[in-house]
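Note that the coordinates shown come from a computational prediction; the quantities given were computed from them, not determined experimentally.
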Amino acid sequence: MLAEQSEVLDFFRRHPPFANLPDDVLATVAANVEVAYYRAQSAILALGQDNHQWYVIRSGAVEVFRRDGQLYNRLGLGEFFGEQSLMLNRPVRFPVTALEDTLVYLISDETFNYLFDNFEHFADFVEVEDQTRLRQSIAKGEDDDSLLTAKISTLITTLPVTVSSTTTVHQAAIRMTEENVSSLLITLDEQGSSGRPAQVVGIVTDLDIRGRLVAMGLSSDIPVADIMTTELIYVQSHQFVFDAMMLMLKYKVQHLPVLKKGVPVGLISHLDILRYESQNSLFVVKSIFNAQSVDELAVLLPEAQACFARMVHQDANSQMIGSAMAVIGRSFKQRLCELGEAELGAPPVPYCFLALGSMARGEQLIVTDQDNALILDNSFVAEQHDAYFSALANFVSDGLARCGYSYCTGNIMASNTKWRQPLAVWQQYFNEWVEKPTAESLLHSAIFFDLEGVWGQCQWAEELNQLIRQKAQTNARFLACMARNALLRTPPLGFFKDFVMETDGRQTNSINMKRRGTGPIADLVRVHTLAVGSSARNTFERLEDIIAAGILPPGRGLDLRDALEFIAMVRIRHQALDIELKREPDNNIEPEHLSDFERKNLKEAFQILSNAQRFLKFRYQPGRVS
């Protein structure tokens, strides 16, 4: 053993969390460390830097800082840093500077993750409260939810079965039987060109053969390309099983090709996910589409609440929970539209049923009202057609209310004639709102500018979204007005940074976490989103585009993302607790029911929101927007 390696090994044996590792593991770690030297006052880790190493101090000392430059901690011999960015797979959020001349051992992220995943005492020692603020703020369930944390690659057991596009359907069916698979990926050729993998151009499933060949009376000797699906929905191997489930639900597909660096490495089906995780929102959605009446839909509310509470206990983040609940909400709307058409007959002209607000953003929780609207074909004539669409809108709205989605107090529903209009009228609405903003139209913009088509001619919704992006980005006056409107809801912090309680109605000693927390963040992010021309709807995804556009001060976007996640999870956990205790869930939280940890970090999150609102006010002053 080299002298240097022996010295590293002896050092590790004297310091936790290495001391209790098996000798062979410790020797392997010691043999693969790198050594780095930093002069006093030199930067080791910078804010926002990508980090792929774990740092163990061999000699010297370092200082760890918060984002605002305040000193957070000092570390010395045998202590370590950099684990937070590795565990969360995020850029550095606590920059580190050498206090004095410092020598560190560098351990790769691969080695660190291996030790963290395989040695419980190692993980317990490393995972201290201040390193994983968000994850420790969530009550850890006894049962790990592999659906939420497992990568799609864990579902892949064999390479995908492929055939060329010239293969006959008969030959393809024989291949499926031989391989015992229910689907095939279709490629342009067998070998590909220039040694590269063949290009995937479609997919064929058992259902395609049955519905597009046998049922149509076609010959099995036709090329498989004639019956394949060409509009592929796929996932990347590094994504989560949860992501695959959401895509299947959203696009109503049962098979997903899995790609790795553009090359197909697998093919998964809904049965793979169901076998992997037998109790999730897939079952709620399946039950929704199997319901034959509004009565059968209404009894599914407890199942939706149970799904929500289960995800909370299984440590899902707010984006996962919001996405799953939005899919459930959209499914209720879709099924109600189907049932409505079955009762009322075929619609006289085409239409699109819209989801608005949190459902459209994929941020819906269990406590929500209904915001919806109807886009009608431009051939719509009120005297001839509106009786049908009025009845349909009321059928869906009343059904949603029975399923737990309360009526909108502001009457933003398709049952309101104003929000049941032809596409040309909607285009006129949006043009006027941007070109001639008023107090009323600004409130409408904050709701209708988060829209998604959920039933019917959904391409009309995309046309409206494109119109919004084109008009708003170039209108500085409208952005300035939207910014002022986004400042109407402020975080609940007083002059001395104490919580300010609500003063309305029965909730007089509480904080409304939606009205004073997640809502204001969504409002200000929406303004930035319009300014940069982002097509994202989810607030977290919008933040990614905003950060990439560089319009925020350094680090502010990451701070805002963390603040949104923390506030949202406090709100979510509160609602889950209400469900468990058989109370009606709401958005209001009494500060005395918060832990010291939650109180402290909520104040920090609200302060981040306050700072973000001040920047919004500064940036979108008339004449300043570029």
When you compare the side chains of [X] and [Y], does any donor N or O come within less than 3.5 Å of an acceptor on the partner?
| X | Y | answer |
| --- | --- | --- |
| S535 | R469 | no |
| S323 | R361 | no |
| W455 | Y351 | yes |
| N317 | Q319 | no |
| N611 | Q607 | yes |
| Q466 | E462 | no |
| E363 | S358 | no |
| Q370 | S397 | yes |
| D377 | Q457 | no |

Can I321 and F308 be said to form a side chain to side chain contact (heavy atoms under 4.5 Å, CB included), step by step? CA-CA 7 Å; I321 295 170; F308 173 82; 3.6 Å; yes

For the [atom1] atom on [X], are there more than 12 heavy atoms of other groups (residues, nucleotides or ligands in this structure) within a distance under 6.0 Å?
| X | atom1 | answer |
| --- | --- | --- |
| K260 | NZ | no |
| Q459 | CD | yes |
| Y388 | OH | yes |

Quick check against the 3.5 Å criterion: does N416 have a side-chain atom that pairs as donor or acceptor with the backbone of I412?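 Checked: no pair found.
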
Measure the OG-CD distance between S445 and E440 for me, rounded to the nearest 0.5 Å.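 Reported value, rounded in 0.5 Å steps: 10.5 Å.
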
For the residue pair I328 and I288, what are the closest heavy atoms and their distance?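 Heavy atoms only, the tightest pair is O-CD1, 3.8 Å.
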
Considering non-hydrogen atoms only, spot the tightest contact between F389 and R420 and give its length.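 Where F389 meets R420 most closely, the heavy atoms are O-CD, 3.6 Å.
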
Determine the sole option in R516, R515, Q575 for which the side-chain hydrogen bond (donor to acceptor under 3.5 Å, both in side chains) test with N587 is passed.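 Among R516, R515, Q575, the one that satisfies the side-chain hydrogen bond (donor to acceptor under 3.5 Å, both in side chains) with N587 is Q575.
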
E452/R330 salt bridge by N-O under 4.0 Å criterion: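 Yes, this pair counts.
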
Once the angle between the rings of H528 and F615 is folded into 0 to 90°, is it parallel (under 30°), tilted (30 to 60°) or perpendicular (over 60°)?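 Judged by the thresholds at 30° and 60°, the geometry between H528 and F615 is tilted.
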
Ring center gap for F448 and W433 short of 6.0 angstrom: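 Distance test on ring centres: under 6.0 Å, yes.
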
Ring centers of H444, F430 separated by less than 6.0 Å: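 No, the ring centres sit 6.0 Å or more apart.
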
